[in-house]
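In what follows, a single structure is set out as structure tokens and then discussed.
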Amino acid sequence: MNGAHDLGGVDGFGPVLREVDEPLFHHPWERRAFGITLAAGLLGRWNIDMARFAREDTSPVTYLNATYYEQWLRGLERLLVERGLVGAQELATGVAEGPGAVPAVPAERVPEILARGRSSLRAPPESAPPRFAVGTRVRVRNLHPRGHTRMPRYCRGQVGTIARDHGVHVFPDSNAMGHGEAPQRCYAVGFAARTLWGPDASPVDQVMVDLWDPYLEAA
């Protein structure tokens, strides 16, 4: 989706300012919001792509006026209500209406579960060899899906070169919308900076973007 989160190449926001010795969290509530998000994710009611979409799918004004962890918290609140884990009234008042229907994961099990993790890499189907080889010129399709996508606006319609085949991975566009993992091959595609940003860009710089197969067509 073309939400406010897709900021690559958007003018008017100024340079990215790096904070020296930046802490992991600037406020105690941010640490709690992060922890609650991880703990709630362990309930298995949504996947990482659904969580990303929940944070993105809001008005530009709301998104751009929120801090990073405010966006996380809003996304979590939406998922909790949508999945029936928390009532809207409970969320508004902070008062539980009763015991939850889903038992919480015991705190002592959280480190073990997080350590297991789960890669998005999937086994490639034998019947579907890669469409593109390293060095192939490809064009990014000019698509504007309503749902979640990992295809940045700034590279749509542009021509680049396959630099690396990452193998087959869960397709975020499908997974975020609850349509299944639909694994697809993912490539690193290199674009000349001037292709993306025009003649004023560096003549030697390149931008590398990881792009799934359905985003691409032969150039």
[atom1]-[atom2] distance between [X] and [Y], expressed to the nearest 0.5 angstrom:
{"X": "Leu38", "Y": "Leu76", "atom1": "CG", "atom2": "CG", "result": "10.0 Å"}
{"X": "His27", "Y": "Arg32", "atom1": "NE2", "atom2": "CZ", "result": "11.5 Å"}
{"X": "Thr161", "Y": "Gln206", "atom1": "OG1", "atom2": "CD", "result": "7.0 Å"}
{"X": "His144", "Y": "Asn2", "atom1": "NE2", "atom2": "CG", "result": "5.5 Å"}
{"X": "Tyr63", "Y": "Arg74", "atom1": "OH", "atom2": "CZ", "result": "11.5 Å"}
{"X": "Leu216", "Y": "Ile162", "atom1": "CG", "atom2": "CD1", "result": "5.5 Å"}

In the single-linkage hydrophobic clustering (I, L, V, M, F, W, Y; side-chain heavy atoms under 4.5 Å), do [X] and [Y] co-cluster?
{"X": "Ile36", "Y": "Leu42", "result": "yes"}
{"X": "Leu91", "Y": "Tyr69", "result": "yes"}
{"X": "Val209", "Y": "Leu143", "result": "yes"}
{"X": "Met50", "Y": "Trp72", "result": "yes"}
{"X": "Leu196", "Y": "Val204", "result": "no"}

Does any part of the side chain of [Y], heavy atoms only, come nearer than 4.5 Å to the side chain of [X], both counted from C-beta?
{"X": "Arg45", "Y": "Leu85", "result": "yes"}
{"X": "Glu181", "Y": "Arg122", "result": "yes"}
{"X": "Val189", "Y": "Val138", "result": "yes"}
{"X": "Trp29", "Y": "Glu70", "result": "yes"}
{"X": "Ser120", "Y": "Ile48", "result": "no"}
{"X": "Gln89", "Y": "Glu97", "result": "yes"}
{"X": "Pro152", "Y": "Asp6", "result": "yes"}

- Hey, mind stepping through Thr149 and Arg156 against side chain to side chain contact (heavy atoms under 4.5 Å, CB included) and telling me if it holds? CA-CA 12 Å; Thr149 187; Arg156 294 175 194 173; 3.8 Å; yes
Shortest non-hydrogen separation from [X] to [Y] and the atoms involved:
{"X": "Pro145", "Y": "Met151", "value": "CD-CE, 4.5 Å"}
{"X": "Trp46", "Y": "Ala51", "value": "CD1-CB, 4.2 Å"}
{"X": "Glu90", "Y": "Val95", "value": "CG-O, 3.5 Å"}
{"X": "Phe171", "Y": "Ala182", "value": "CB-O, 3.1 Å"}
{"X": "Val134", "Y": "Ala163", "value": "CG1-O, 3.8 Å"}
{"X": "His148", "Y": "Ala176", "value": "CB-CB, 3.4 Å"}

SB check [X] [Y] (cutoff 4.0 Å):
{"X": "Arg131", "Y": "Asp213", "value": "yes"}
{"X": "Asp57", "Y": "Arg52", "value": "no"}
{"X": "Asp165", "Y": "Arg185", "value": "yes"}

- Item | Residues, nucleotides or ligands: over 12 heavy atoms within 6.0 Å of Arg83 CZ |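 For Arg83, atom CZ is crowded (more than 12 foreign heavy atoms under 6.0 Å).
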Do the side chain of [X] and the main chain of [Y] share a donor and acceptor less than 3.5 angstrom apart?
{"X": "Arg194", "Y": "Ala201", "result": "yes"}
{"X": "Thr195", "Y": "Phe191", "result": "no"}
{"X": "Asp49", "Y": "Asn175", "result": "no"}

- Message: My understanding is that only one of Val207, Val140, Val10, Leu7 makes a side chain to side chain contact (heavy atoms under 4.5 Å, CB included) with Tyr154; could you say which?
- Response: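 Result: among Val207, Val140, Val10, Leu7, Val207 is the only option passing the side chain to side chain contact (heavy atoms under 4.5 Å, CB included) with Tyr154.
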- Message: Exactly one of Trp212, Tyr215, Tyr187 should register a ring pair (Phe, Tyr, Trp, His ring centres under 6.0 Å) with Phe132. Which one does?
- Response: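 For Phe132, the ring pair (Phe, Tyr, Trp, His ring centres under 6.0 Å) test succeeds with only one of Trp212, Tyr215, Tyr187, which is Tyr187.
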- Message: Is the ring pair His166/His169 parallel, tilted or perpendicular, if the boundaries are 30 and 60 degrees?
- Response: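 The arrangement is perpendicular - the two ring planes meet at more than 60°.
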- Message: Does the plane of the ring in Phe34 sit parallel, tilted or perpendicular to the ring in Phe25? Use 30° and 60° as the thresholds.
- Response: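 Tilted, since the angle between the ring planes falls between 30° and 60°.
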